[in-house]
Every structure is written in C-alpha cells, then in structure tokens.
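Below is one structure, written out as structure tokens; comments come after it.
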Protein chains: 2
Amino acid sequence: MSDTALAAPRSTVHVALEGRGYDVEIGPGLIAGAGRLLVPLGARRVGVVTDENVARLHLDPLMASLEAGGLAASSTVVPAGEASKSFAVLEEVSNALLASKVERGDLVLALGGGVVGDLAGFAAAILRRGVRLVQMPTTLLAQVDSSVGGKTGINTRHGKNLIGAFHQPSLVLADADALSTLPLRDFRAGYAEVAKYGLINDAAFFRWLEDNWQEVFEGGPARTKAIAASCANKAGVVARDEFETGERALLNLGHTFGHALEAAVGYDDKRLVHGEGVAIGMALAFRFSAELGLVGADQADRVAAHLKAVGLPTRIQDVPGDLGDARRLLDLMGQDKKVKAGKLTFILARGVGQSFIANDVAPENVLSFLTSELSS
Amino acid sequence: MSDTALAAPRSTVHVALEGRGYDVEIGPGLIAGAGRLLVPLGARRVGVVTDENVARLHLDPLMASLEAGGLAASSTVVPAGEASKSFAVLEEVSNALLASKVERGDLVLALGGGVVGDLAGFAAAILRRGVRLVQMPTTLLAQVDSSVGGKTGINTRHGKNLIGAFHQPSLVLADADALSTLPLRDFRAGYAEVAKYGLINDAAFFRWLEDNWQEVFEGGPARTKAIAASCANKAGVVARDEFETGERALLNLGHTFGHALEAAVGYDDKRLVHGEGVAIGMALAFRFSAELGLVGADQADRVAAHLKAVGLPTRIQDVPGDLGDARRLLDLMGQDKKVKAGKLTFILARGVGQSFIANDVAPENVLSFLTSELSS
Ligand SMILES: NC(=O)c1ccc[n+]([C@@H]2O[C@H](COP(=O)([O-])OP(=O)(O)OC[C@H]3O[C@@H](n4cnc5c(N)ncnc54)[C@H](O)[C@@H]3O)[C@@H](O)[C@H]2O)c1
Ligand SMILES: NC(=O)c1ccc[n+]([C@@H]2O[C@H](COP(=O)([O-])OP(=O)(O)OC[C@H]3O[C@@H](n4cnc5c(N)ncnc54)[C@H](O)[C@@H]3O)[C@@H](O)[C@H]2O)c1
C-alpha cells in the first residue's frame, strides 16, 4: 500500500451508464495502490489475469497491494501476444478462476494490454454467467481504448473478436507509470488510437497532438492529458451508444481496413500489431474518402504525415512480407462483423474531426481502391 | 409448410421482460410450421444447431420448412449427451456458425433437448457478441424448463453450467408432437421439472398431477395443459427476477443436491440424467426440511411417493454404482454457484407448494443428513 503514490495527482473520467456507471482513474501509483482502491467494491477474492511480460514487471507489487488490502488474490499468467485470445486459453483461464474459487461477488482483474483485457474481460463475462471485472490496462492502447467500454472477446480462424460479450468493468485503473516499461513500438501503436479520437470528432485535439506529440511520448502532464482526453472521448461515445447500434461504430475508424490487414498476416504481431493496423487503416480511410470525393487530398496527406511523423506505418506496403492481393484483403473484410446485406460499412471522413458512418460502400469501390494502393 | 398443423390448437405463454419479452408457443406441428412462424423475426439466415438423435428424427422437416419460408438455413449436428456442453464443442459450433456466415441480424436455432438449448443458446450469446436465438425444445425437460428464461452455458471439470450467459430467446416453439419420439426415461426426467413447479408454489397443480399424471404421460390435452402450466409458472418467476437475485433461485429446488449427484457420476448420463438428479434432489430437499423440523415427515413421504409412482428415483442409492461418501457429495456442492461466505444455499420447504430460499445452511447439517441418507 503506497499512500504517497495514491496522493499524486489523478484524473477521473466517469462512464455514465444507467445502473452500471463506473470510473476510470488515470495517474501514477495505481498498481501499488490497487488494494486500497478496490475496497469499496466489497469483494473477498480477486482472480488476477495477466501475461508473462506484464507478470515479470508488475505482478508482484499488485499482489502485495491486494493482500495488504485484505483481499485473497490468485493469479493466472497467459502467454503474451494475440494468440492468447483463443478458445483454448479462455478455457484455461476459466478453469484457473474456478479452481481459485472466484465466486459471484468476487472480482476478475485484468492486468495487461488489450489482449489480457479482452481475454480476462470475456472470462469474467461468462464465469458463473458473469462476475465483476476490474481493468488495469498497462499499454497505451489499453488505457485509451480497450479497457473502457465493455467490449470483450477472443479471435477465431474466421476473424478477430468474432466471439465475445459486452461486459462493462466496475472500475478501470490506468497506471501512467506502468507505461514506462512499454516498448516504443507498443507505445506508438497505442498512439494511433489517441490520434483516432482527434480524427473522429475533435479537430482541436488532433491539432494539439500535431504540436505536442513529442511530449506525449516523453511522459509527464502532456501524456496524462492525452490519456484522459482519449478516455473522456470514448466514455462519451460509449455512454451514448453502449451496444454499437449507432454512433459507437465511429470508433471503428481505420478498423475495417486494419482488421483485414491483421487477418492477412494471420495475427502475427511480429509483422503487425493492432494499433499499426489501425494507423494504416486510418490513412487508408482518409485516402479512400478523398478518392470518393468526400475530402480533399490535402487532408488525407495531413493525416498520413502526422502518423508518419510519430513513426507509425501508413501504407499497406509498410507491413513486411506478402499480404496477398486486393481481392484477398476484401474477402477478409467480408467476414468482418460489420457486414449488412452485401454492402460494407466503413467509417469515412469529410475532414479531420468529421468522420461518419457509411453503411453502403460497394465492394467494387473498395476493390479498385485497394488495387491502386497496392500498386502505388 | 403445414397449414393444417399450424391451425391445430396452440397455447401461447408470454414471458414479460422489459424490451425483450417473447412468446412460448406450445402445440403440435410447430417444427413443420417453423418457416412461417419465424418470418416476423425478419432474419435472412438461420443457423440450426441440433444433436445426432434429434437430427435423425426431426431435422429434415425443419430444414424444409425454413427453406420454404424463404430463409437460408444451415445446420450443425453435435454428439448427443451432456458431454457436448464443453468448450471444445462450443468452439466447433461457433466456427460452424461463422463459416455459414450467420450475421448480427440473423438467428441461431436450437433444436433439441436442454443440452442443445444450453450449448446453442450460449453460442448465440457470444457469437459476434450476441445474435438472436430461437429455442425449439424437443424434450419435456427443455419444453417446461431450460428453453424458457435465458440461462445458457456449458460445463467444466469444476462443475455443471459454471460457464455461460443470460441470453433470452426471441421465440420458443415447443412442438408437442416432437415428444412422441422421446424415450420414456427422458420423458420421466422432464416430468420431475413439471412436478417441481407444483412443489415450489402451486399445491393445487401438484394435487392435479397426482391425479392425472398417467394422462400426462399418454399425451393429449392433459400433457399440453401440464406443459403450458409449467411454462406459465416459469415465465412468471423469470419476469419477476430475470438474473436470479431473488425468487428465481426457487427454481433450484432439488438442484443443489441434484448437481452434486450429477458431478459424482462424472455427468455420465447412462447413470443419471439431469431430471433424475432433480427428482432425487427434491425428495432429499423435503426429507432434509423434515429433519430440520420445517415440514412433517408425511409431506416428505407424499413427495417421494408421487415421484416413485411415475418411475423416478428418490434416493441416492437409486443411482447405480458408487458415488463416494457424504463428504465427497458435500464438496461437490461447495463448487456450486450458490456458495456465499462458507454457507450453502438450499431451497427448502414448509409444505407442498411452500418452498423458500434458505441462504444459511451449515455444511455440517448437510453432512450429517447425507450420512444418514447413505446409510438408510
Ligand atoms: N475491447 C476493445 O474495445 C478493444 C479496442 C481496441 C483493441 N482491442 C484489442 O486489444 C489488443 C491489442 O492490445 P495491445 O496493443 O495492448 O496488445 P497486448 O496486450 O498484446 O500488449 C502488447 C505487448 O506489450 C506487453 N506489455 C503490456 N504492458 C506492458 C508494460 N507496461 N510494459 C512492458 N510490456 C508490456 C505485452 O506483454 C505485449 O507483449 C488486440 O487484441 C485488440 O483486438 C480491444
Ligand atoms: N438453461 C436452463 O435453464 C436449464 C434448466 C434445466 C436443465 N438444463 C440443462 O438441460 C440439460 C438436460 O436436458 P435434457 O434432459 O433435455 O437432455 P438432452 O438434451 O441430453 O436430451 C436427452 C436425450 O434425448 C434425446 N432427444 C431429444 N429430443 C428428442 C426427441 N424428440 N426424440 C427422441 N430423442 C430426443 C437427446 O438426443 C438426448 O439423447 C442439462 O444439461 C441441464 O443442465 C438447463
């Protein structure tokens, strides 16, 4: 229990969901302070799920804090990487939580990146038909995106996140210190999602990022500001459209292209991690919007230029190795969750901060766009 | 499409859930009429899940009816029996539904007993984070119990139904004709759940069953009446307490003992099927209530006598083979979902039709009761 750490300045973002609202706490020292912060939830046991990298770096202080807080804590460590979002690992985690007798009033705690959050969150959703979940995201991507909003799930050979549940956490603790151990590549990948919020509906935030991104990478107040602004943006969207029947789909900016690229590399995170797919996807979404005459080519160039400046990929060719042709990429989109009656749904843009949902994109248009991208 | 069949007399029970209410249709000819009955749901595709026994007997007319109704139907057949409620089979079913491109607006249709209903219902709950479900129960147990109320799930080595979701169906079609192919043993097992509704809160229904059970077994109006009365009773309980935070737990009468017995035989349905476990469990619950001085021994005898009259088991010793000692059975209850702070929850009774939830049963009392039962 670290009282000094908990006293440090924190930001709180509230996710306003009728009957299931919860707080996202952002700040330093939250891992060391977890034991105290969980007390109000009134659980007896906490089943921690994490991956081997995060376990090595952050598990011991968390377990010590939970035990000091009077909680019976057990932990399950899964292999790091996207491949853990599988039925096989879900079964292992479920059995481990059952073996440590996590009961209905208890908690599952996801300590890690989006992989651990999605996997452990789904395990919590289906354990005894649902137990409460605490998200402790340790990657930038997880802090600004996956830990907030309740989407959980695993992958199958048919595509990413095709099996899952909506299961809102009871609390999110985003320890800003934890990002200091994150490899640069993963920090960058998370930054793609930060930039996304600007591109969707906040031109001023995107402008601010263009001016301040170096500070965000270095840490300190600018980083905290970027995380809190991102969480607040996501919390607003989720509160207005929890089950993605409308506006929430905007958060998929860059994701339809991105998912196809991830599928094309067989979810091999050596070649492409999720945030990199999103970065390329966002650049493609703006270029595709330009090709459809929705936005000026200069705006598409501006988006790509910023992503490139921070070191993110922006073209399909930036992914190492062969991805197949345009037809293959289109087919990989066809199995995406967002298919309706043969038309594809894309998030397109009329400008920076002016994204919208297009439900009626013809596959032929995507095909010719991808063909020209691949040969450019 | 069988217009004559659909014209036959049907009972409709409505499950009144805010925003997610649905009908349970009970009557003959519903399999042959399914294609027409599903039209109002407005789906394009139906992913049928069934087991090998039911497929042999009832799948062809269903598929013909769906296709005649203009629906694109695919089917997945799982092995019959409790062992199909596993992660492995769940994964197979999920992949089969994805392969046949069941999308968000489409339907999963569970054609079979409680095993298929629980498995396919759970698959529907987690496919693309939830697609709609139609239950077409073909066992008496599934018609009067498992198809109504939205509990879905699978088993693990730690116990039955420990992994799952609440996922209400959009429609339940209980084809009374389909029970004509059901083996007597399975009909009897379902009858245990019918009797349960009387024992919980409807003494008049239990009295009516004592007088009319032979007619219920034979078929005709008495059987339809028994199914509809059971569904109406369950629908009421579910509408008042969807997520089992209170009254719904009454439906577990006989189940805490029953689950322990099922676990003790390793879910080997040659030795014990679910309804038989419930029958023994209800007899035990009444005898345990008598031992605790809550009800007269004559009432416990009356319950056992009726169950025995219809051919159901009422004693632990009625299960073939070794089950272990009282301590083992108690331990198998300890892993049950209903554990709270070391105390066990049982449904006990002050009389026929007067069951109640006891949250504070001491494990020692259960142990000594089981010990005396095993040596009686
Ligand atoms: N649920 C949602 O709403 C949502 C939204 C976006 C993305 N996602 C999912 O998130 C996943 C990607 O998440 P991710 O990018 O966090 O990947 P990740 O969880 O695989 O983490 C990336 C790497 O960083 C390591 N790591 C994590 N925290 C660390 C730390 N503090 N220090 C050092 N190393 C650390 C991990 O072990 C891993 O090797 C994808 O599966 C994606 O589908 C989900
Ligand atoms: N979800 C709930 O609320 C709930 C409630 C009670 C029980 N259950 C579950 O239900 C399951 C037991 O259901 P069940 O007793 O229906 O078992 P089941 O599904 O295994 O069916 C029993 C047998 O009858 C066969 N069968 C089914 N319909 C037939 C027909 N019309 N003609 C001939 N054979 C047929 C099946 O192939 C199987 O061999 C258990 O897993 C139990 O946990 C769930």
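Since this is a predicted model, take the numbers as computed values, not measurements.
Your options are A/Asn95, A/Ile163, A/Thr156, A/Ile154, and the one with the most heavy-atom pairs under 4.5 Å with chain B is A/Asn95.
With B/Ser147 contributing its side chain and B/Ala142 its backbone, the two residues share a donor-acceptor pair below 3.5 Å. Judged purely by atom type and a 3.5 angstrom limit, B/Arg129 has no side-chain atom pairing as donor or acceptor with the backbone of A/Gly164. Within the 3.5 Å criterion, the main-chain N or O of B/Val115 finds no donor-acceptor partner in the side chain of B/Lys85.
For a residue to count as touching a neighbouring chain, one of its non-hydrogen atoms must lie under 4.5 Å from one of that chain's; by this rule A/Phe122 touches chain B with the side chain only. Looking at B/Ser86, there are no atoms closer than 4.5 Å to chain A (heavy atoms on both sides), in backbone or side chain. Residue A/Ala125 touches chain B through its backbone alone, counting heavy-atom pairs closer than 4.5 Å.
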- Item | Check against salt bridge (charged side-chain N to carboxylate O under 4.0 Å, His left out), B/Glu242 and B/Arg20 | CA-CA 11 Å; B/Glu242 184 177 5; B/Arg20 284 162 298 132; 2.7 Å; yes
